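Note that this is a predicted model, so its numbers are computed, not measured. Residue numbering restarts at 1 for every chain, and letters A, B, ... go by the order of the sequence lines.
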Number of protein chains: 2
Amino acid sequence: MELTDRKKQILKVVVEDYIQTAEPVGSKAIAAEMGGSVSSATIRNELADLVDMGYLEQPHTSAGRVPSPKGYRLYVNELMERQKLSIAETEKINQSLQLKMEELDRVISQAGRAVSSFINYPAYITATGKQKMTARRFELLPVDEHSCIVVMMMGDNRVKSQLLRLQLKVDIEQMPTLVTLLNSHFTGVSTDEMNQRLMNVAEQVPPQLFLLLSQTIAYAVDVLEEASQREIVTAGANQLLKLPEFRDADKAHELMSFLSDSKESLPMPDDGPMKILIGPENVSDALKDTSVVVASYDIGDDMRGLIGVVGPTRMDYATVAARLSGFADGLTRLFGKQELPPKEDTKE
Amino acid sequence: MELTDRKKQILKVVVEDYIQTAEPVGSKAIAAEMGGSVSSATIRNELADLVDMGYLEQPHTSAGRVPSPKGYRLYVNELMERQKLSIAETEKINQSLQLKMEELDRVISQAGRAVSSFINYPAYITATGKQKMTARRFELLPVDEHSCIVVMMMGDNRVKSQLLRLQLKVDIEQMPTLVTLLNSHFTGVSTDEMNQRLMNVAEQVPPQLFLLLSQTIAYAVDVLEEASQREIVTAGANQLLKLPEFRDADKAHELMSFLSDSKESLPMPDDGPMKILIGPENVSDALKDTSVVVASYDIGDDMRGLIGVVGPTRMDYATVAARLSGFADGLTRLFGKQELPPKEDTKE
DNA sequence: TTTAGCACTCAAGGAAAGAGAGTGCTAAAC
DNA sequence: GTTTAGCACTCTCTTTCCTTGAGTGCTAAA
């Protein structure tokens, strides 16, 4: 059977109507929406065809039609009109991204909340480095006999620091030696390699310095490993409860638990600026009845973030896609503008 | 009318039964649970009295009895047997607090999740300084001509640092002057005062240094203000959906939105190690039908944290109280052990 | 003061009936 | 061949009514 233009148009109407009302769409309503150029009986014939072809489903014999995942897919690929954001909306997005440039994590979690509250679905957000994070530079600042501050600059120019308590007193004069050693042997290499090298220099360094050295490396390894593992933040899960498809507490609970406990299995496509996954296209079982829209944004050169929203398959794809890519652009701009000064290597 | 011992015992049975089943408790069940020493008819008489006295309520004429807030209050104050944690439970709590001592924020949010998942109710957690945070020491590390790292140690010995981009080139030789200035004029004072002093020194400092100085102070003010404002983390809101009193999506949504949006109005008592607020004893409207149990824990000398759980008035107060104080103790121990080295002032 | 007995109340659950939305099919019209 | 009007049919949803059963309140006796 052929998918005529009229069939497509009807499909479009069904999808858009159903997205709004969450109620099966009847032939009469479709006829009305199409301007009365054809009668409801004609529509009925077409609808029957569309059901046969798998684009629509019928909850029961005497109900209207509901789009199938295949129907949504066609809609998203061909029928949907790409929406443009209104100036007001763009304005609002940018406003909600007027974040002080603090720590990356914090910015991200705030952005996640902003996305969720603007799109009205639960959102998740993450920043992932394309490669393992390494240290670029170390510095030790003596505080007193018992403690010193370790400062580490990472590959992405973020700086982390902490107070270290010294187990053994260390002569302040020896600090520079240690810093030189740190910067020459422990920068630009993986955490495994750092541990390795620590072992290697063990004998060349006086014991009380070695203790401090290994504390420093332990700290560095911790921070680096945490930084290179993607942290996923979710926000706005409670938005689900407003949707008719999640009025059932069990369903809502299942999805919300998934969102808060098993974030790792949320879709993380590694290509393209935006991806839409409809119902069964999702791998995770918990998402089989939901759709996910994910967009990516850039953080400097070698990092990349993802923002996604999760909603019912009956999702307003056009609006969500438009807004989400608005946010992605906003974040790209945000990071491009303020962070990551020119990347000259500064190892001495 | 007098509150005889038997009445109290009956009240206790009603509360404990209702806590478990969430169903109104009938006279027959109570009689059975009391060992058959009295008949259900006698219980009925007593129940009628307890209703008159306001300790119990009757959903409708022919239903069993349900504790009123006043009844819960009496139960919590007098009747409840303080539970001790089993060794296994203590073990489990300590295990879940085996957190690497990273940034305070991160520890706290992880602890919040642990609390929630161990107690099975939504939890909130916060760390609040008793006083405004101040800077204790500054350091500037030149990176290259365009940037330097600012390191600041705060009053609680936490260290924060960030890369600053310089608008104007700064002579490296001049840095020490600036550091001395920072440490002599901008440590130990409020952020307002810092801004004030910045204005005062404006004329005594060469312009290109002043720019860097003001960037540094701006960063410091940001960090300090953020550190002294209580951040409240909530976790496990989805636990609500398992409870029969929140099967209704609207109710659940209302409370969950409150928990995620208006955290500031969660109960934050400033005295005593533990506080239990039952139903209408809560100030916030959104919590009028729920109970809150809050415990406090210590972080070093001048900071103090709060963990609370939110649940239905029908909450297993004995267990929750025991577990929560187990967590509070665990956190106190955690912070006492690792953080905050001896507090000698190290300003030069 | 306690208890047995009994009539009474009320929510919850199920069956039956009616309403309404929408379909599928047929036969006529274009 | 396609479109349309007409009509019987199907199925859900809502309402109503009835039944059931847990639990009470009251009375009178122990």
(request) Answer with yes or no whether the side chains of A:S262 and A:S265 bring together a donor and an acceptor at under 3.5 Å. (result) no
(message) Rounded to whole Å, how long is the line connecting atom CG of B:L47 with atom P of D:dC26?
(response) 14 Å
(request) Report yes or no: is the cationic atom of B:K251 (NZ for Lys, CZ for Arg) under 6.0 Å from the centre of the six-membered ring of B:F246, at an angle within 45° of the ring normal? (result) no
(request) Pick base, sugar-phosphate or nothing for A:A41, based on heavy-atom distances below 4.0 Å to the nucleic acid. (result) base
(message) If I take atom CD in residue B:E23 and atom P in nucleotide D:dG23, what distance separates them, rounded to the nearest angstrom?
(response) 9 Å
(message) If I take atom CD1 in residue A:I43 and atom C1' in nucleotide C:dG22, what distance separates them, rounded to the nearest angstrom?
(response) 14 Å
(message) Is it the case that the base of D:dG6 and the side chain of A:R44 share a donor-acceptor contact (distance under 3.5 Å, atom types as modelled)?
(response) yes
(request) Please answer whether the main-chain N or O of B:G311 pairs with a side-chain N or O of B:S291 as donor and acceptor at a distance below 3.5 Å. (result) no
(request) Could you state the atom-to-atom distance from NE2 of B:H60 to P of D:dG21 in whole Å? (result) 16 Å
(request) Decide yes or no for A:Y317 and A:V15: does some side-chain heavy atom of the first lie under 4.5 Å from some side-chain heavy atom of the second? (result) no
(request) Please state whether the phosphate of D:dA22, meaning OP1 or OP2, lies under 4.0 angstrom from any side-chain nitrogen or oxygen of B:S62. (result) no
(request) Please give the angle, rounded to 10 degrees, between the axes at the start and the end of the helix from C:dT1-D:dA30 to C:dC30-D:dG1, where five pairs define each axis. (result) 20°
(request) Could you check how far CD1 of B:I30 sits from C1' of D:dA22, rounded to whole Å? (result) 14 Å
(message) Taking only side-chain N and O atoms of B:Q58, does any of them lie within less than 4.0 angstrom of OP1 or OP2 on D:dG25?
(response) yes
(message) Taking only side-chain N and O atoms of A:R6, does any of them lie within less than 4.0 angstrom of OP1 or OP2 on D:dT3?
(response) yes
(request) Given side chain to side chain contact (heavy atoms under 4.5 Å, CB included), test A:R314 with A:Q20 step by step and report yes or no. (result) CA-CA 8 Å; A:R314 171 191 71 85; A:Q20 286 232 319; over 6 Å; no
(message) With a 4.0 Å limit, can you tell me whether A:S39 has a side-chain N or O closer than that to the phosphate oxygens OP1/OP2 of D:dT3?
(response) no
(message) Checking A:K7 against A:E2 for the salt bridge (Lys or Arg N to Asp or Glu O under 4.0 Å) test, could you report, in this order, the C-alpha distance in whole Å, the side-chain angles of both residues, the deciding distance, and whether it holds?
(response) CA-CA 9 Å; A:K7 283 198 173 60; A:E2 213 179 335; over 6 Å; no
(message) In whole Å, I'd like the distance from the CD1 atom of A:I10 to the C1' atom of C:dT23.
(response) 15 Å
(request) Salt-bridge test for B:E81 and B:K12: reply yes if a basic N is under 4.0 Å from a carboxylate O, no otherwise. (result) yes
(request) Verify whether one side chain among B:E57 and B:S68 offers a donor that lies under 3.5 Å from an acceptor in the other. (result) no
(request) Name every residue in residues 48-57 of chain A that has at least one heavy atom under 4.0 Å from any atom of DNA chain D, in order of residue number, or write none if there are no such residues. (result) none
(message) side chain to side chain contact (heavy atoms under 4.5 Å, CB included), that's the test. Do B:I125 and B:I232 meet it? Break it down for me.
(response) CA-CA 6 Å; B:I125 184 163; B:I232 304 157; over 6 Å; no
(message) Using OP1 and OP2 only, check whether a side-chain N or O of A:S27 sits under 4.0 Å from C:dT23.
(response) yes
(message) I'd like to know if A:D250 and B:R247 make a salt bridge, using a cut-off of under 4.0 Å between side-chain N and carboxylate O.
(response) yes
(request) Calculate the interatomic distance between A:E46 atom CD and D:dT4 atom P; express it in whole Å. (result) 11 Å
(request) Round to the nearest Å and state the distance from A:K28 atom NZ to C:dT23 atom P. (result) 11 Å
